[in-house]
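Chain letters run A, B, ... following the sequence lines, proteins first, then strands; residues in each count from 1. Quick note: numbers below take in every heavy atom, side chains included, and nothing from hydrogens, waters or symmetry partners.
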2 protein chains.
Amino acid sequence: MRLVIATCTVDYAGRLAAHLPRAKRLLLVKADGSISIHADGGAYKPLNWMSPPCTLRMEEGRWVVTNAKGETLTIELHEVHGELSHELGPDPGLQKDGVEAHLQELLAANPHVLEPGLALLRREHPTDIGPVDLLCRDAEGRTVAVEIKRRGEIDGVEQLARYLERLELDGRLRPVRGILAAQLVKPQARTLAAARGIAWVEVDYDELRGVGTGRLTLF
Amino acid sequence: MRLVIATCTVDYAGRLAAHLPRAKRLLLVKADGSISIHADGGAYKPLNWMSPPCTLRMEEGRWVVTNAKGETLTIELHEVHGELSHELGPDPGLQKDGVEAHLQELLAANPHVLEPGLALLRREHPTDIGPVDLLCRDAEGRTVAVEIKRRGEIDGVEQLARYLERLELDGRLRPVRGILAAQLVKPQARTLAAARGIAWVEVDYDELRGVGTGRLTLF
DNA sequence: ACGTTGAGATTGCCG
DNA sequence: CGGCAATGTCAACGT
């Protein structure tokens with residue numbers, strides 16, 4: 001990894017054309033061959049960048065980066081104010097917890113959280129337009145399709161509505177109800193769900209994780 | 001802007017939970033208060049970050065970043081290998097020349113891409129309500145007004161329709177047809193264009209760039 | 001203020 | 001290997 005603080009101008013010609021006027025910036029060259037140009041703002045996003053695979057040609061006061069698609073990034077280095085290089089080695093990588101897949105696992109293990117008496121029939125139940133996240137049976141023996149999202153929005157409701165249509169065609173499952181489960185269900189999604197006769201449930205992830213580990217039953 | 005190369009472990013608790021095992025990484029603190037943690041891979045994307053507004057508390061060997069939503073990023077600094085600080089000042093920012101201008105150049109050079117036999121008469125042909133992007137002549141000698149957009153939407157169709165009205169007033173140009181050219185023409189724009197008797201063409205930007213640099217004619 | 005839409009997105013998954 | 005969807009998406013724009 002090589003870090004250079006420099007006064008520079010930058011031109012990018014690729015999927016769009018962009019230009020950075022002369023100013024002091026950070027040039028960050030990683031071992032993977034990528035290069036990114038950062039200002040002292042704009043949070044984590046660079047002003048401009050080139051993703052690997054690309055080739056960096058360093059001439060006198062001028063870096064030219066190109067890739068296979070013919071995109072080019074040209075950096076004119078007018079003055080270098082600081083520099084730092086260091087080999088970091090491979091990174092063990094980020095361990096994530098709390099994404100949709102995890103939510104689905106937890107709800108599959110605890111469908112009763114969505115509604116008392118709800119029991120899991122199948123996860124990722126296939127239909128010809130895609131898999132239904134959870135297929136369940138309710139306390140009265142009716143089939144329930146559950147669509148799980150981190151955020152419940154309109155398209156989630158429509159996706160579930162399409163699944164319900166397909167499932168209704170199966171005489172063994174009919175009648176089929178739907179539940180949209182999400183950490184947050186947006187107002188528009190609530191309204192549309194109501195209009196479609198679809199129920200929605202907001203799920204508290206931390207609480208659900210507690211259920212999963214038996215914490216709620218311990219205290 | 002402050003750059004620190006350090007062996008560290010990182011924990012994020014917020015919208016999800018994430019953990020970074022001990023490894024050497026770049027810590028990038030910007031003047032806007034943001035902090036991002038980079039490995040020597042993953043292109044321009046940091047492993048983890050906190051966006052402003054947030055507060056960074058630097059204790060002995062431990063940075064704790066929090067924001068108003070109660071999200072926290074905790075960085076344990078085990079060893080510091082290098083450091084570099086520099087004030088960059090405000091950045092003039094990115095100038096996107098936009099695809100539209102570039103598209104116009106490319107289509108002006110290759111009008112036949114829109115329709116076989118189409119030939120350019122004039123770019124930015126002036127009317128009293130504004131310039132028409134391209135004025136062309138088709139294979140049968142008729143005048144064709146071309147409106148170029150990155151995204152073809154309803155307002156693009158209406159703009160072109162207004163130009164056509166004006167151009168029809170000029171006896172030397174009459175009759176005049178219209179073509180809406182865009183990378184993507186939305187369904188509503190297609191419908192309105194059809195109703196107005198205006199043709200539309202979706203243009204492949206990358207392919208056109210190939211034509212423009214003569215790459216397609218070389219092989 | 002809120003909702004909608006685009007982005008040079010990137011990344012992982014599954015067919 | 002290509003298309004689809006999620007992302008701690010974010011950011012800009014219109015209502």
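- Between A/His86 and B/His81, the ring planes lie tilted relative to each other; the angle falls in the 30° to 60° range.
- Between the NE2 atom of B/His19 and the C1' atom of D/dG8 there is a distance of 17 Å, given to the nearest Å.
- Annotation: D/dA5 and C/dA7 have their C1' atoms spaced 16 Å apart (nearest Å).
- Rounding to whole angstrom units, CD1 of residue A/Ile154 and P of C/dT5 are separated by 9 Å.
- The two atoms that bring B/Ala43 and A/Ser51 nearest to each other are CB-OG, 4.4 Å, heavy atoms only.
- In this structure, CG of A/Asp97 is placed 19 Å from P of D/dA6, rounded to the nearest angstrom.
- Mapping A/Lys186 and B/Lys186 onto DNA chain C via the closest heavy atom, the residue that lands nearer the 5' end is A/Lys186.
- The listed nucleotides are D/dA6, C/dT4, C/dG6; the one nearest the side chain of A/Lys149 is D/dA6.
- Contact annotation: A/Gln159 side-chain N/O to D/dA5 OP1/OP2 distance is not under 4.0 Å.
- Atom CG of A/Asn67 is separated from atom P of C/dA9 by 12 Å (rounded to the nearest Å).
- Distances from the side chain of A/Gln188 to the nucleotides C/dA7, C/dG3, D/dA6 place C/dG3 closest.
- Rounding to whole angstrom units, OH of residue A/Tyr12 and P of C/dA9 are separated by 8 Å.
- For the side chain to side chain donor-acceptor pair (under 3.5 Å) with A/Tyr163, the qualifying choice from A/Gln159, A/Arg166, A/Glu165 is A/Gln159, the only one to do so.
- The 5' end of DNA chain C is approached more closely, in terms of each residue's nearest nucleotide, by A/Glu153 than by the other of B/Leu94 and A/Glu153.
- A/Ile148 has its CD1 atom 13 Å from the P atom of D/dT7, to the nearest Å.
- Counting only N and O atoms by type, the side chains of B/Thr55 and B/Thr66 include a donor and acceptor under 3.5 Å apart.
- Atom CZ of B/Arg150 and atom C1' of C/dG6 are 7 Å apart (whole Å).
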- Message: Within the 4.0 Å limit for protein heavy atoms, which parts of nucleotides 10-15 of chain C are touched? Write it as a string from 5' to 3', B for base, S for sugar-phosphate only, - for none.
- Response: SS----
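- For A/Ser85, the side chain to side chain contact (heavy atoms under 4.5 Å, CB included) criterion is met by A/Arg2, not counting sequence neighbours.
- Counting non-hydrogen atoms of neighbouring residues, nucleotides and ligands closer than 6.0 angstrom, the CD atom of B/Gln188 reaches no more than 12 such neighbours.
- Put simply, CZ on A/Arg151 is 13 Å from C1' on C/dC2, counting in whole angstrom units.
- Only the C1' atoms considered, D/dT7 is 15 Å distant from D/dA11, to the nearest whole Å.
- Across all strands shown, B/Glu71 has heavy atoms under 4.0 Å from base atoms, whether or not it also approaches the sugar-phosphate.
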- Task: In sequence, state the C-alpha distance, the side-chain angles, and the governing distance for B/Glu202 and B/Arg190, and then conclude on salt bridge (charged side-chain N to carboxylate O under 4.0 Å, His left out).
- Result: CA-CA 11 Å; B/Glu202 281 191 346; B/Arg190 297 179 184 198; 2.8 Å; yes
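- Taking every side-chain heavy atom of B/Met50 into account, D/dG8 is the closest of C/dT4, D/dG8, C/dA7.
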